[in-house]
Amino acid sequence: MEDAFRPSTDLDDPPNSRLFLVTSKSITEDMIREQFSLFGEIQDVWVVKDKQTKESKGVSFVKFTKSSEACTAMEEMHGKCLVEGTKPIKVFIAQARSSGSHRDVEDEELTRIFVMIPKTFTEDDLKETFKVEYGDIEYCIIVKNKTTGESKGLGYVRYHKPSQAATAIENCEKTYRAILAEPRNKTPAPDNDYFSPARAEHVQGDPGMTSYPFVDSGFHTRGDMRGTDIITRCLMVSSRASITQDQVYSLFDLIPGMDYCEMQQDSYGFSTGQAMIRYNNLGSAVYAKNKLDGFEYPPGNRLAVTHIDDGQDRRSPVGRMAMQLVAAQMMSIVCNAPTGPPPLRKTSTGYPSPAVPQSPRVQTDVALPPLQKLAPSDSRVKERLFVVFKPLPLPMDVLEDVFCRFGSLVEVFLVPGRNVGYMKYAERKSADDAMATLHGQMVNGVKMKVMRADPPKEESHKRQRTY
DNA sequence: CGACGGGACGC
DNA sequence: CGACGGGACGC
């Protein structure tokens, strides 16, 4: 009832939930309502009539709550006689009022869905996942990189009937983000650049972080190594983007043996974008330089790491050679040990990497509650927090660690290129607790403003916002 | 005093 | 061939 009068943006919501009927002019709203209510919750029945004569024009619209109900009704009622002696009715999914088109919506456009799936899914996995509850599948395919054959984590599933596709979209796990697929020939596909060869290459190989040139081919394998480079336990890291001491600390502390870390300031107390780090052994310093020089942190900001002469490790050229040999040996041990270097965390690739710490280091003055599990990713978001970071956003894993501790955290979203983000909660109380505890606080050297987010601006939604 | 993402093709 | 009404009300 109250749903009958909504702003114009809500016409045909959800999509494909409204039927277009062609009937005899004698068919009334009551007749339609009586027959069609068997298939679901009817929101509105409207028989189009001539303004003057009030006579039916033989055209009606039936709005259902759900697309699956409308589709089932269409499938069952198309071609049926509502009343003895009247002509069989035609039933279609109505064109969205905004579309302006009066072309019949074809089954072709209503039977194929587009889903996001784990990259590990095979076509059989896809078929099994989407056939069990929603019925037999005519065809399914996973989108793959043409050259490598690697799955892009996207799939198409073609059903026999529109009601199957609609039910799958409504009832499958939200993580699949199922939507109706655009017909292949109609739209020439908006943009293919997401998985360009250059990007695939970047994802696949990562020579900078997984090769160990010291072990195989001596010291000077990185083209930028100059003969004048010195090897010391002391490093200088330079960053173009502003970076905090705690961020530098966390990064370099991933390699064991750090015993000193300090941001450099100019005479006015402003950050120079440089920090000095010292390790208690040469091997760790060499390893840290090798791993972190050129490392992107935060993403897009390439760090530069060089050894600096702190006076303690200065030696004659011969002594330096000896020290490089020592460093190389240590690197070799660290990288080739059968069980791997115990102090370094391992990623799924089996290589130690500072990019994927398993549980982030969190430094803060606030007394934080214990960790809590995240809410399921398809939970309904009841409250969002808007967080402003200074000077830079904290890494995602740190944010998850900190903001999950009040319960029901669904997702962290950082706005790209801005120092703000959203924390999505399934329970209002969790969000309010997090805000009360964390607003104005400092975490890993980053100051946070934490407040309730304004509701998002609603417009141009082809698909309902997932939050 | 900062503000809203992600995903496209073979019988 | 067969395509778009009715009536709305709180910060």
Asks: What residues form a ring-ring contact (aromatic ring centres under 6.0 Å, His included) with A:Tyr249, not counting sequence neighbours?
Replies: none
Asks: Would you mind classifying the nucleic acid contact of A:Met448 as base, sugar-phosphate or nothing, using non-hydrogen atoms under 4.0 angstrom?
Replies: nothing
Asks: Would you mind reading off the distance between A:Glu123 atom CD and B:dC11 atom P, rounded to a whole angstrom?
Replies: 10 Å
Asks: Quickly work out the A:Ile93 CD1 to C:dA3 C1' distance and round it to whole Å.
Replies: 14 Å
Asks: Would you mind telling me which residue lines up with the more 5' stretch of DNA chain B, A:Arg158 or A:Phe114, judged by nearest nucleotide?
Replies: A:Phe114
Asks: Write down the distance between CD1 (A:Ile32) and P (C:dG5), rounded to a whole number of angstrom.
Replies: 16 Å
Asks: Going by ring centres under 5.5 Å and near-parallel planes (under 30°), is A:Phe413 stacked on B:dC4?
Replies: no
Asks: Under a 3.5 Å distance rule, please check whether A:Thr65 uses its side chain to pair with a backbone N or O of A:Glu41 as donor and acceptor.
Replies: yes
Asks: Measure the distance from NZ on A:Lys449 to C1' on B:dA3 and round it to the nearest whole Å.
Replies: 13 Å
Asks: Return the 5'-most residue of the pair A:Phe92, A:Val45 with respect to DNA chain C, ranking by each residue's nearest nucleotide.
Replies: A:Phe92
Asks: What nucleotide among B:dA8, B:dG10, C:dC4 has an atom nearest to a side-chain atom of A:Leu154?
Replies: B:dA8
Asks: Applying the salt bridge (Lys or Arg N to Asp or Glu O under 4.0 Å) criterion to A:Arg361, which one of A:Asp253, A:Asp401, A:Asp246 satisfies it?
Replies: A:Asp253
Asks: Can a donor-acceptor pair under 3.5 Å be found between the side-chain atoms of A:Arg97 and the base atoms of C:dG5?
Replies: yes
Asks: Checking A:Phe20 now: which residues fulfil ring-ring contact (aromatic ring centres under 6.0 Å, His included) with it, not counting sequence neighbours?
Replies: A:Phe61
Asks: Got a sec, which pairs hit salt bridge (Lys or Arg N to Asp or Glu O under 4.0 Å) with one end in residues 69-87 of chain A, sequence neighbours left out?
Replies: none
Asks: Let's see if you can work this out: which of C:dC4, B:dA3, B:dG2 has an atom nearest to the side-chain heavy atoms of A:Val388?
Replies: B:dG2
Asks: Is any N or O donor-acceptor pair between the side chain of A:Lys49 and the base of C:dG5 shorter than 3.5 Å?
Replies: no
Asks: CG of A:Asn419 versus P of B:dA3: gap in Å, rounded?
Replies: 10 Å
Asks: For DNA chain C, which residues in residues 17-25 of chain A have a heavy atom at a distance below 4.0 Å?
Replies: A:Arg18, A:Phe20, A:Val22
Asks: With the stacking rule set at 5.5 Å and 30°, tell me whether A:Tyr156 counts as stacking on B:dC9.
Replies: yes
Asks: Under 5.5 Å between ring centres and under 30° between planes: true for A:Phe386 and the base of B:dA3?
Replies: yes
Asks: Which whole-number value in Å describes the distance from A:Lys57 NZ to C:dG2 C1'?
Replies: 10 Å
Asks: Base, sugar-phosphate, or nothing for A:Val387, non-hydrogen atoms under 4.0 angstrom?
Replies: nothing
Asks: So, do A:Tyr176 and A:Phe130 have ring centers that fall under 6.0 Å from each other?
Replies: yes
Asks: Expressed in angstrom and rounded to an integer, what is the separation of A:Lys174 atom NZ from B:dG7 atom C1'?
Replies: 17 Å
Asks: Which nucleotide, C:dA3, B:dC11, B:dG2, lies nearest any side-chain atom of A:Asp104?
Replies: C:dA3
Asks: Listed by chain and number, what are the ring-ring contact (aromatic ring centres under 6.0 Å, His included) partners of A:His439, not counting sequence neighbours?
Replies: none
Asks: Return the nearest nucleotide to the side chain of A:Val59; candidates are B:dA3, B:dC9, C:dG2.
Replies: C:dG2
Asks: Nearest to the side chain of A:Tyr139 - C:dG5, B:dC11, B:dA8?
Replies: B:dC11
Asks: Give the nucleotide from the list B:dC4, B:dG7, B:dC9 with an atom nearest to the side chain of A:Arg384.
Replies: B:dC4
Asks: Does the side-chain ring of A:Tyr422 sit on the six-membered ring of the B:dA3 base, less than 5.5 Å centre to centre and under 30° in tilt?
Replies: no
Asks: Go through B:dC4, C:dG6, C:dG2 for me and flag the one nearest to the A:Asp44 side chain.
Replies: C:dG6
Asks: So which one's nearest nucleotide on DNA chain B is more toward 5', A:Met451 or A:Gly155?
Replies: A:Met451
Asks: Could you work out, with ring-ring contact (aromatic ring centres under 6.0 Å, His included) as the rule, every residue matching A:Phe121, not counting sequence neighbours?
Replies: none
Asks: May I ask you to verify if any side-chain N or O of A:Arg184 is less than 4.0 angstrom from the OP1 or OP2 atom of B:dG10?
Replies: yes
Asks: Give a yes/no answer on whether the side chain of A:Arg418 brings an N or O atom under 4.0 Å of OP1 or OP2 in B:dA3.
Replies: yes
Asks: To the nearest 0.5 Å, what is the distance between CD on A:Glu29 and OG on A:Ser56?
Replies: 11.0 Å
Asks: Whole-Å distance between C:dC1 P and A:Arg103 CZ?
Replies: 17 Å
Asks: With centres under 5.5 Å and planes under 30°, do A:Trp46 and C:dG6 count as stacked?
Replies: no
